[in-house]
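Contents: one structure, followed by commentary.
Every chain is numbered from 1, with letters handed out A, B, ... down the list of sequences. All of these numbers come straight from a predicted model, not from anything done at the bench.
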Amino acid sequence: NAGVTQTPKFRILKIGQSMTLQCAQDMNHNYMYWYRQDPGMGLKLIYYSVGAGITDKGEVPNGYNVSRSTTEDFPLRLELAAPSQTSVYFCASSYSRYDEQYFGPGTRLTVT
Amino acid sequence: AQKVTQAQTEISVVEKEDVTLDCVYETRDTTYYLFWYKQPPSGELVFLIRRNSFDEQNEISGRYSWNFQKSTSSFNFTITASQVVDSAVYFCALSEEGPGKLIFGQGTELSVKP
C-alpha cells in the first residue's frame with residue numbers, strides 16, 4: 001500500500017514552460033486535493049475533487065488546471081509557469097470529507 | 001471568514017520541557033473539524049489528530065494532549081516532556097461543512113534542544 005505518491009520530487013522550470021505534476025493514491029479515496037506551501041506559510045488549496053469527473057477550484061487556482069478521469073489519479077497542470085508558482089506542492093486524499101487527509105511527499109518546484 | 005491563527009511562529013525549548021502550541025480558529029459553521037499535522041524537517045505532513053465540533057473532550061495520546069474549547073475557539077496542543085524528535089513545524093487546520101477543504105494556520109516551528 002503506497003498511499004499517496006507524487007512525481008517528480010523536484011523540478012526546475014523556465015518562465016513560460018508548462019508541466020504536469022502527477023499524483024496517485026491506492027486507498028480508493030474519493031476525495032483528492034492539491035495544496036501549495038510557500039516558505040514559512042501554511043498550505044493553501046489549489047483545486048480539489050470529490051470523485052472521478054468532478055473537480056472544483058480552491059483558494060488559489062489561477063495558473064493551474066486539473067482533471068480527474070480515474071479515482072486513483074489527480075494530475076495538476078501548470079501552464080505558462082511564473083516565478084510566483086515557485087512552491088512546494090502537496091497532493092492529498094481522504095475517504096470522506098470528514099476524514100483526515102493523507103498527504104503525498106510533495107514536489108518542490110522552482111520557476112526561474 | 002474562516003481562519004486559523006497560530007500566533008507562535010517559533011518556539012524553542014530544552015528537552016524534557018513541556019510545551020503548548022496555540023491554535024485559534026474562526027468559523028460561522030456549527031459543524032466543523034479541527035486537525036493537527038506535523039511537518040518534520042524531511043518535509044512530509046503527518047496527521048496527528050482530528051476533532052469534530054461536537055466533541056469537546058480533551059484527548060491524550062502518549063506525550064501528546066489536545067485541549068479543545070469552543071467557548072474560546074481554541075484547539076491547543078501540548079507536548080509533555082519534549083524530545084529532540086519533536087522538532088518540526090506543527091500546523092493546525094480547520095475543515096467545515098462541504099468537501100473537506102482544509103484551512104491551515106501558518107504553522108509553529110518547534111525546536112527542541114538537547
Taking atom [atom1] of [X] as the centre, does the number of heavy atoms from other residues, nucleotides or ligands within less than 6.0 Å exceed 12?
{"X": "B:R50", "atom1": "CZ", "result": "yes"}
{"X": "B:Y64", "atom1": "OH", "result": "yes"}
{"X": "B:K70", "atom1": "NZ", "result": "yes"}
{"X": "B:F47", "atom1": "CZ", "result": "yes"}

In terms of hydrophobic clusters joined by side-chain contacts under 4.5 Å, are [X] and [Y] together?
{"X": "B:W66", "Y": "B:L94", "answer": "yes"}
{"X": "B:Y25", "Y": "B:F77", "answer": "yes"}
{"X": "B:F75", "Y": "B:I79", "answer": "yes"}
{"X": "A:Y102", "Y": "B:L34", "answer": "no"}
{"X": "A:L109", "Y": "A:L76", "answer": "yes"}

Value for OH (A:Y98) from OG1 (B:T31), rounded to nearest 0.5 Å, stands at 8.0 Å
For the CD atom of A:E100 and the CG atom of B:L102, what is their distance to the nearest 0.5 Å? 10.5 Å
Specify which of A:D99, A:V50, A:L45 makes the most heavy-atom pairs with chain B at under 4.5 Å. A:D99
Taking only heavy atoms into account, what residues of residues 13-44 of chain A are found under 4.5 Å from chain B? A:Y31, A:Y33, A:Y35, A:Q37, A:G40, A:M41, A:G42, A:L43
Can you tell me which portion of B:I103 sits under 4.5 Å from chain A's heavy atoms? Options are side chain, backbone, both or neither. neither
Leading residue by heavy atom contact count with chain A [cutoff under 4.5 Å; candidates B:K101, B:E44, B:Q6]: B:K101
Counting heavy-atom pairs under 4.5 angstrom with chain A, the leader among B:Y32, B:Y33, B:F35 is B:Y33
Heavy-atom side-chain contact between A:F103 and B:Q39 under 4.5 Å: no
